[in-house]
Protein chains: 2
Amino acid sequence: MAVRGRQCSIADALAVIGEKWSLLALREILLGERRFDQIARNTGASRDILAARLRTLVAAGVLTRRQYEAHPPRYEYVPTEAGRALQPILLNLMDWGDRYVTDGPPPTVWRHSCGADLHPETVCAHCGEPVTEEGLSAVRLGPVR
Amino acid sequence: MAVRGRQCSIADALAVIGEKWSLLALREILLGERRFDQIARNTGASRDILAARLRTLVAAGVLTRRQYEAHPPRYEYVPTEAGRALQPILLNLMDWGDRYVTDGPPPTVWRHSCGADLHPETVCAHCGEPVTEEGLSAVRLGPVR
DNA sequence: CGTGCAAAGTTGGATTTCACAACCCAGTGG
DNA sequence: CCACTGGGTTGTGAAATCCAACTTTGCACG
């Protein structure tokens with residue numbers, strides 16, 4: 001996407017998952033839907049665009065396309081490790097939408113194994129403290145191309 | 001964006017910040033850049049699209065547009081609470097890009113106040129345990145419209 | 001046999017969005 | 001007077017998206 005602009009992994013990540021429908025397709029796949037028709041129905045994406053996005057995600061290594069039936073040939077989409085690693089991003093995005101965009105109660109609720117309704121929080125993996133603006137400084141920034 | 005499809009705060013969130021360049025503009029603003037020209041240069045977005053995105057983000061309450069000079073009138077873009085709340089999402093996205101997309105070392109590195117280079121981790125706000133696929137179950141899902 | 005259905009797309013054409021360069025306006029500095 | 005800066009807007013053409021219809025392979029029903 002961004003040939004010019006700051007060299008940055010956010011831009012690189014968005015080149016893979018930043019297009020329209022990519023993240024919604026991944027949401028459905030991480031919810032357990034693996035079939036084209038079901039993903040199309042549950043996201044609302046048009047079938048041609050969805051096919052293109054799934055191809056991109058397979059090419060990027062986020063999904064694999066697995067044949068689950070030989071005659072007629074039928075395929076399903078399974079998340080790779082990279083795909084499963086997007087789950088926290090989707091949960092954070094959902095939580096942000098719940099708080100600042102969606103009117104009314106959250107449409108989707110997750111239960112954590114500890115028993116509580118899940119509210120994701122981002123912490124420093126090293127010390128476990130929540131990440132706040134004040135506790136953060138940029139050591140090195142990507143150059144602007 | 002998604003009139004049809006599952007009712008979901010991820011879709012709602014993407015309607016606000018899911019368009020091309022929105023998140024990259026927010027990245028620059030959260031890095032401290034507040035001026036149109038600087039944001040345009042550092043993201044690589046074309047000026048017309050950037051102006052449209054900033055208007056959308058102001059209308060959605062993610063940014064405010066503040067006049068910092070009267071003659072000639074000049075404006076800067078300041079994140080609101082909702083805007084600052086996107087920081088964890090951007091950090092997670094950056095970390096994902098570092099791991100699975102960007103070749104070579106991470107272009108941008110953040111230092112946490114604990115002294116370590118920041119690697120964000122998403123935990124359950126209630127119990128503090130990392131969020132994994134296994135520890136998670138959907139209690140309620142949004143209906144498909 | 002003929003009809004209907006399902007899954008996983010592909011195709012054609014209209015609409016919308018995006019990119020790029022050029023332009024505008026107000027003030028500032030030389 | 002001239003160039004330059006900041007914060008945009010305008011026009012044109014290219015690209016992406018939307019939507020409905022069609023295709024292919026096979027199964028099940030009557």
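Scope of the values below: all heavy atoms of this structure, side chains included, with no hydrogens, waters or symmetry mates.
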Compare side-chain N and O positions of Arg66(B) against OP1 and OP2 of dG7(D) and report whether any pair is under 4.0 Å apart.
no

Length of the CD-C1' vector between Glu19(A) and dT16(C), whole Å:
16 Å

Could you go through Val131(A) and Leu136(A), starting from their C-alpha distance and side-chain angles, then the distance that decides it, and tell me whether this counts as side chain to side chain contact (heavy atoms under 4.5 Å, CB included)?
CA-CA 7 Å; Val131(A) 173; Leu136(A) 218 53; 3.9 Å; yes

Is it true that Arg34(B) and Glu28(B) make a salt bridge, defined as a side-chain N closer than 4.0 Å to a carboxylate O?
no

Can the positive tip of Arg74(A) be found less than 6.0 Å from the middle of the six-membered ring of Tyr68(A), inside 45° of the ring normal?
no

Under 4.0 Å between a side-chain N/O of His71(B) and OP1 or OP2 of dG27(C), yes or no?
yes

Which nucleotide in dG9(C), dA8(C), dC18(D) has an atom nearest any side-chain atom of Lys20(A):
dC18(D)

Counting just side-chain N and O atoms, does Trp21(B) come under 4.0 Å of either OP1 or OP2 of dC18(C)?
no

Please state how far atom CD in Glu76(A) lies from atom C1' in dA8(C), giving the value in whole angstrom units.
13 Å

Can you tell me the distance, in whole Å, between the CD atom of Gln67(B) and the C1' atom of dG7(D)?
12 Å

From CG of Leu63(B) across to P of dG7(D) the rounded distance in Å is 14 Å

Give a yes/no on whether any side-chain N or O of Tyr77(B) is located under 4.0 angstrom from OP1 or OP2 of dG6(D).
no

Which parts of residues 44-56 of chain B get close to DNA chain D, meaning a heavy atom less than 4.0 angstrom away?
Arg47(B), Asp48(B), Ala51(B), Arg55(B)

Carefully, step by step, assess Glu33(B) and Tyr77(B) under the rule side-chain hydrogen bond (donor to acceptor under 3.5 Å, both in side chains).
CA-CA 8 Å; Glu33(B) 300 292 352; Tyr77(B) 295 91; over 6 Å; no

Heavy-atom distance under 4.5 Å between the side chains of Val109(B) and Leu141(A), does that happen here?
no

For a quick check, tell me whether the side chain of Arg74(A) and the base of dA7(C) share a donor-acceptor pair closer than 3.5 Å.
yes

Taking the nucleotide of DNA chain D with the closest heavy atom to each, which residue, Asp37(B) or Ala70(A), is nearer the 5' end?
Asp37(B)

Using whole Å, what does the distance between atom P of nucleotide dG9(C) and atom CD of Glu69(A) come to?
13 Å

Using a cut-off of 4.0 Å on non-hydrogen atoms, how would the nucleic acid contact of Arg41(A) be classed: base, sugar-phosphate, or nothing?
nothing

Just how far, in rounded Å, is P of dT24(D) from OH of Tyr75(A)?
16 Å

Could you check whether Phe36(A) gets within reach of a base, just the sugar-phosphate, or nothing at all, counting any heavy atom under 4.0 Å?
base

For Tyr68(A) and dA8(C), is the shortest distance between a side-chain N/O and OP1 or OP2 below 4.0 Å?
yes

With no hydrogens and no angle check, just 3.5 Å: does a side-chain donor-acceptor pair link Thr64(A) and Thr80(A)?
no

Stepwise side chain to side chain contact (heavy atoms under 4.5 Å, CB included) test for Leu57(B) and Ile17(B)
CA-CA 8 Å; Leu57(B) 292 172; Ile17(B) 54 162; 4.1 Å; yes

